[in-house]
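Below is one structure, written out as structure tokens; comments come after it.
Numbers restart at 1 for each chain; the letters A, B, ... are given by sequence-line order, proteins then strands.
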There are 2 protein chains.
Amino acid sequence: MSPVLAPDLLRGAGLRVTEPRVAVIEALDGMPHAAADAVHAKVAAHRPDLSIQTVYNVLRDLTGRGLARCIEPGDHPARYELRVGDNHHHMVCSTCGTIADVDCVVGQAPCLSPDDDHGFAVAVAEITFWGLCRDCQAVAVKAAAAVPIHD
Amino acid sequence: MSPVLAPDLLRGAGLRVTEPRVAVIEALDGMPHAAADAVHAKVAAHRPDLSIQTVYNVLRDLTGRGLARCIEPGDHPARYELRVGDNHHHMVCSTCGTIADVDCVVGQAPCLSPDDDHGFAVAVAEITFWGLCRDCQAVAVKAAAAVPIHD
DNA sequence: TGCCATCATTTGAGTCATTCAAAATAACGG
DNA sequence: CCGTTATTTTGAATGACTCAAATGATGGCA
């Protein structure tokens, strides 16, 4: 299914191969941009006693070793993806927090160099597109139509 | 001091002129990119009984009426600025959360149009530069020098 | 100039995502 | 197969922020 198997990923990163870690990686492979509780819900379907704390631990270890990437959109809970190494960006739904990848942005390279770095050692430029996903657009339209003339 | 006076800003936005609101605006004028607790600390110097809840309320009202802008960098607490209306970006220190404005980014306009919008109605493109501020660079260098050969 | 409806502030409790810490358990090199 | 060390579990705690009810102040209007 996945081109690279979870155990190999883990060993390659110097992490022990454990069942929770494999399960989290496979969950993330099937649902990119999932939040910790969503990962937990999916994993817990097969293994109800796996604690959410373990999911947090695993996600921390994966991101720490560069096997996963953490996305923290505004005040939405953090989300995780296995797609690392390429500098892609994200589109986030302001309402529900749904995330989509943005593979390529025209003019991306120039964005990496602000005119004045204020003494900062800039490591990365992160671009986030905010908007409404298809579902939330539909809900917004419906809600607008239901609003009476007054109030 | 400030080109526009706080009471005028408030009235213009349809908000009542109250002492906490004026105080928060003036604090923000003197310390852009301040977090709620920093604003509270500054305001409380003159008015010790002003609750942090009120600061949260005021900041919510100001951002809601477009008088202030809220910046939410990753897992750092939210920060606020009075500079609104222009689409400027930010440089954030990964360590301490310090923020600097980035006035102009070459290639900014193209960034507003992702190749594939995945059905999203994109409203804004937000660019965040992550790095280390001058102070945290110095600390990092010092810490690296203090690390022994082993461990 | 004073009244009062409405908007603000205060107080105190509650939420959520996430982290901390100690004890129990499991991976894997030898 | 064993022991060391990493990992998981359990349970509690944190920080940033929100909710809600009661009190207080603002400013339009008479």
Side-chain angles (χ1 to χ4, degrees), chain A residues 6-25 27 33-41 43-44 46-65 67-68 70-80 92 96-97 99 151, chain B residues 6-25 27 33-41 43-44 46-65 67-68 70-80 92 96-97 99 151:
Chain A
D8 297 335
L9 282 174
L10 290 167
R11 270 186 285 264
L15 290 172
R16 288 188 183 169
V17 177
T18 67
E19 191 251 307
R21 282 174 176 168
V22 171
V24 166
I25 290 176
H33 314 125
D37 63 343
V39 172
H40 178 243
V43 171
H46 285 125
R47 210 186 169 280
D49 54 331
L50 191 138
S51 70
I52 186 136
Q53 175 62 59
T54 294
V55 173
Y56 275 109
N57 289 344
V58 171
L59 291 171
R60 174 183 29 68
D61 295 340
L62 295 182
T63 54
R65 300 305 179 97
L67 296 185
C70 176
I71 310 157
E72 297 177 303
D75 55 355
H76 295 279
R79 286 154 181 273
Y80 298 84
V92 183
C96 69
I99 295 182
D151 185 33
Chain B
D8 296 336
L9 281 175
L10 290 167
R11 270 188 284 263
L15 290 172
R16 287 190 182 169
V17 177
T18 68
E19 190 249 309
R21 283 175 177 169
V22 171
V24 166
I25 290 177
H33 314 126
D37 64 344
V39 171
H40 178 243
V43 171
H46 284 126
R47 210 186 170 280
D49 53 331
L50 191 139
S51 70
I52 186 138
Q53 176 61 58
T54 295
V55 172
Y56 276 111
N57 290 343
V58 170
L59 291 172
R60 173 180 32 67
D61 295 340
L62 295 182
T63 54
R65 301 305 179 97
L67 297 185
C70 176
I71 309 157
E72 297 178 303
D75 57 355
H76 296 278
R79 286 152 181 274
Y80 297 85
V92 183
C96 70
I99 295 182
D151 186 36

Self-check item: Residue pair A/Arg79, A/Glu72: steps toward the salt bridge (Lys or Arg N to Asp or Glu O under 4.0 Å) verdict
Solution: CA-CA 6 Å; A/Arg79 286 154 181 273; A/Glu72 297 177 303; over 6 Å; no

Quiz item: Can you tell if the side chain of A/Asn57 reaches within under 4.5 Å of the side chain of A/Arg60, non-hydrogen atoms only?
Solution: yes

Quiz item: Do A/Tyr80 and A/Val39 pass the side-chain contact (heavy atoms from CB on, under 4.5 Å) test, and can you show the C-alpha distance, the side-chain angles, and the key distance before you say yes or no?
Solution: CA-CA 9 Å; A/Tyr80 298 84; A/Val39 172; 5.7 Å; no

Practice problem: At the 4.0 Å heavy-atom cut-off to chain A, mark where contacts on DNA chain D begin and end, going 5' to 3'. | Solution: D/dT5 to D/dG11

Quiz item: Just wondering, do A/Leu9 and A/Leu62 contact through their side chains at under 4.5 Å, heavy atoms?
Solution: no

Quiz item: Atom CG in A/Asp37, atom OH in A/Tyr56: separation rounded to 0.5 Å?
Solution: 6.5 Å

Quiz item: What's the shortest heavy-atom distance between A/Ala6 and A/Ile25, and which atoms?
Solution: CB-CG2, 3.8 Å

Exercise. For nucleotides 10-23 of chain C, just jot down a letter per nucleotide in 5' to 3' order: B, S or -, based on protein non-hydrogen atoms under 4.0 Å.
Key: BBB----SBBB---

Quiz item: Bend angle of the helix from C/dT1-D/dA30 to C/dG30-D/dC1 from five-pair axes at both ends, rounded to 10°?
Solution: 30°

Quiz item: How would you label the contact of B/Arg21 with the nucleic acid (heavy atoms, under 4.0 Å): base, sugar-phosphate, or nothing?
Solution: sugar-phosphate

Self-check item: side-chain hydrogen bond (donor to acceptor under 3.5 Å, both in side chains) involving A/His40 - partner list, sequence neighbours excluded
Solution: none

Quiz item: Which residues satisfy the salt bridge (charged side-chain N to carboxylate O under 4.0 Å, His left out) test with B/Arg21, sequence neighbours excluded?
Solution: B/Asp61

Exercise. Quick one: closest heavy-atom pair of B/Leu67 and B/Ala13, and the distance?
Key: CD1-CB, 3.8 Å

Practice problem: Would you indicate whether the side-chain heavy atoms of A/Pro73 and A/Ile99 approach each other to under 4.5 Å? | Solution: yes

Exercise. Take nucleotides 24-30 of chain C nucleotide by nucleotide from the 5' end and write B, S or -, depending on whether a protein heavy atom sits under 4.0 Å from the base, only from the sugar-phosphate, or from neither.
Key: --BBS--

Exercise. Of all the heavy-atom pairs spanning A/Ala36 and A/Val55, show the shortest one and how long it is.
Key: O-CG1, 3.7 Å

Quiz prompt | Nearest-0.5 Å distance that lies between atom CG in B/Leu10 and atom CZ in B/Arg16 | solution = 12.5 Å

